[in-house]
Number of protein chains: 2
Amino acid sequence: MATKHHGTPRERLALDTYIKLSRATAAVDARINRPLAEASLTTSQFGVLEAVWHLGPLTHGEIGRKLLKSSGNVTVVIDNLARRGLVQRESDAGDRRISRVALTATGTALLEAVFPAHVARVVDAFDSLDADELATLSTLLRRLGRAAAAAGNQPEPDRATGAHALTAVQTAVQEDTR
Amino acid sequence: MATKHHGTPRERLALDTYIKLSRATAAVDARINRPLAEASLTTSQFGVLEAVWHLGPLTHGEIGRKLLKSSGNVTVVIDNLARRGLVQRESDAGDRRISRVALTATGTALLEAVFPAHVARVVDAFDSLDADELATLSTLLRRLGRAAAAAGNQPEPDRATGAHALTAVQTAVQEDTR
DNA sequence: GGCATATATCTTGATGTCGAACCGTTCGAT
DNA sequence: ATCGAACGGTTCGACATCAAGATATATGCC
């Protein structure tokens with residue numbers, strides 16, 4: 001196929017791995033999250049619902065750190081969930097800047113209706129790898145993610161609480177960093 | 001840390017790996033793509049520019065398949081690039097439905113100014129893994145991506161040409177599937 | 001030739017997403 | 001007690017993104 005140019009083997013290896021990482025993630029995400037549309041939920045909305053379901057009422061800031069989203073974004077997603085009556089904002093007695101997000105009965109019901117199938121899809125998405133391979137993959141990804149996160153950037157996850165929301169599924173696994 | 005509930009070990013393993021996959025990808029993407037903002041390029045815009053740079057003029061459809069984006073989305077991204085004079089649309093002589101996207105001189109200059117640093121960032125992002133580990137990761141991700149893509153969904157990459165654009169970096173590596 | 005169907009792209013409406021600017025609120029140092 | 005910095009959220013503007021639906025153009029089959 002005659003690759004035109006580009007440099008060292010190391011560069012090619014890195015670029016190649018990067019492509020596969022991007023593609024695999026895109027494919028897995030699509031497979032896992034697309035079906036959420038049937039419940040009229042986006043990935044982010046599901047993420048918020050799930051985080052609050054597992055952990056109880058959370059502030060915007062906590063949610064943002066868990067899902068790795070900007071504060072402005074959190075406001076929007078919560079607005080959309082609140083508009084549909086799936087969550088509600090509760091103000092904090094002590095600190096009036098804070099507003100905590102809690103599931104409504106409707107929200108709880110919806111999440112519980114959708115969650116089992118979601119987990120099943122996650123399992124399915126990974127069923128091409130056996131337990132050892134999953135463990136290996138997990139280890140490599142953790143190193144990769146850690147290094148990338150450490151290297152300068154970002155909102156900094158949520159190391160403190162040990163619970164990780166992220167793009168859905170999050171809190172189902174309380175451990176990540178261990 | 002007492003994970004509350006959830007089922008089988010296999011489920012936990014899959015969920016855990018999914019989290020790490022999402023987080024690692026997010027972190028790596030941020031690290032690699034954020035700096036593109038300095039050239040006022042988004043990830044998608046860079047992806048289009050790069051694809052066309054490597055492969056020559058492409059139709060919207062080809063671009064969409066390479067970057068795994070919907071047709072509507074491709075239109076928007078190209079509009080934004082065209083507005084800035086970085087690309088131009090050329091109509092096809094034989095088939096008037098087709099519009100091919102080509103780099104302008106400005107676009108070429110911009111891409112060439114930005115590309116080397118981009119590759120360097122990709123290499124950096126992966127420097128926590130040695131060559132063997134990268135190869136292993138690559139293999140596992142390919143299996144994962146393939147299985148997920150096969151399982152029902154999607155726009156179906158671009159198996160035919162062998163060239164893969166994707167979220168940037170793409171075409172720098174002509175081979176992927178091999 | 002002529003119509004049904006398939007293709008390639010564009011449009012529309014809803015959501016997500018970011019970064020930056022902004023507004024109350026709280027807290028710390030003096 | 002006061003004032004300035006830090007904090008928690010919201011707003012704004014620009015882009016991305018998808019799913020559906022609309023258009024225009026090609027093609028295939030009779």
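Given the structure is predicted, the values throughout are model-derived calculations rather than measurements. Each chain gets a letter, A, B and so on, in the order its sequence line appears, and its residues count up from 1.
Look at CD on B:Glu90: it is 13 Å from P on C:dT9, rounded to the nearest Å. Atom CZ in A:Arg89 sits about 12 Å away from atom C1' in D:dG8, given to the nearest Å. Rounded to whole angstrom, the span from the CD atom of B:Glu62 across to the C1' atom of C:dT7 amounts to 13 Å. Rounded to a whole Å, the CG atom of A:Asp79 is 11 Å from the C1' atom of D:dG9. Computed from coordinates, the A:Lys69 NZ to D:dA16 P distance equals 17 Å when rounded to whole Å. When rounded to the nearest whole Å, the span between CD1 of A:Ile63 and P of C:dT17 equals 13 Å. D:dT25 atom C1' lies 10 Å from atom CD1 of B:Ile98, rounded to whole Å. Atom pair A:His60:NE2 and D:dC7:P shows a separation of 18 Å (rounding to whole Å applied).
Taking the six-membered ring for Trp and thresholds of 30 and 60 degrees, A:His54 and A:Phe115 have ring planes more than 60 degrees apart, a perpendicular arrangement.
Within 4.0 Å of B:Thr42, counting heavy atoms only, lie sugar-phosphate atoms of the nucleic acid but no base atom. Contacts of B:Arg100 with the nucleic acid, taken as non-hydrogen atoms under 4.0 Å apart, are absent.
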Sub-3.5 Å pairs of nitrogen or oxygen atoms, protein against nucleotides 19-22 of chain C:
none

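For A:Thr43 against A:Leu36, the heavy-atom pair with the smallest separation is CA-CD1, 4.4 Å. Here the shortest heavy-atom pairing between B:Arg100 and B:Ile98 reads NH2-CG2, 4.0 Å. Contact record, A:Ala39 with A:Val114: CB-CG2, 3.8 Å, taken as the closest heavy-atom pair. In plain terms, the two heavy atoms of B:Thr104 and B:Gly85 that are nearest each other are OG1-O, 2.6 Å.
Each of B:Leu110, B:Leu111, B:Val48 was checked for a side-chain contact (heavy atoms from CB on, under 4.5 Å) with B:Trp53, and the lone residue meeting it is B:Leu111.
Taking the nucleotide of DNA chain D with the nearest heavy atom to each of B:Arg83 and A:Ser99, the more 5' of the two is matched to A:Ser99. Each of A:Gly94 and A:Ser44 has a nearest nucleotide on DNA chain C; the 5'-most of these lies closest to A:Ser44. In terms of position along DNA chain D, the nucleotide closest to A:Thr75 lies nearer the 5' end than the nucleotide closest to the other residue of the pair A:Thr75 and B:Gln45.
For D:dA16, one of the phosphate oxygens OP1 or OP2 lies less than 4.0 angstrom from a side-chain nitrogen or oxygen of B:Asn80. In this model, the phosphate group of C:dC23 is not approached by any side-chain N or O of A:Arg96 to a distance below 4.0 Å at OP1 or OP2.
Side chain B:Arg97 to base C:dT7: a donor-acceptor pair is found below 3.5 Å.
Judged by distance alone, the side chain of A:Glu133 and the main-chain N or O of A:Asp130 form a donor-acceptor pair under 3.5 Å.
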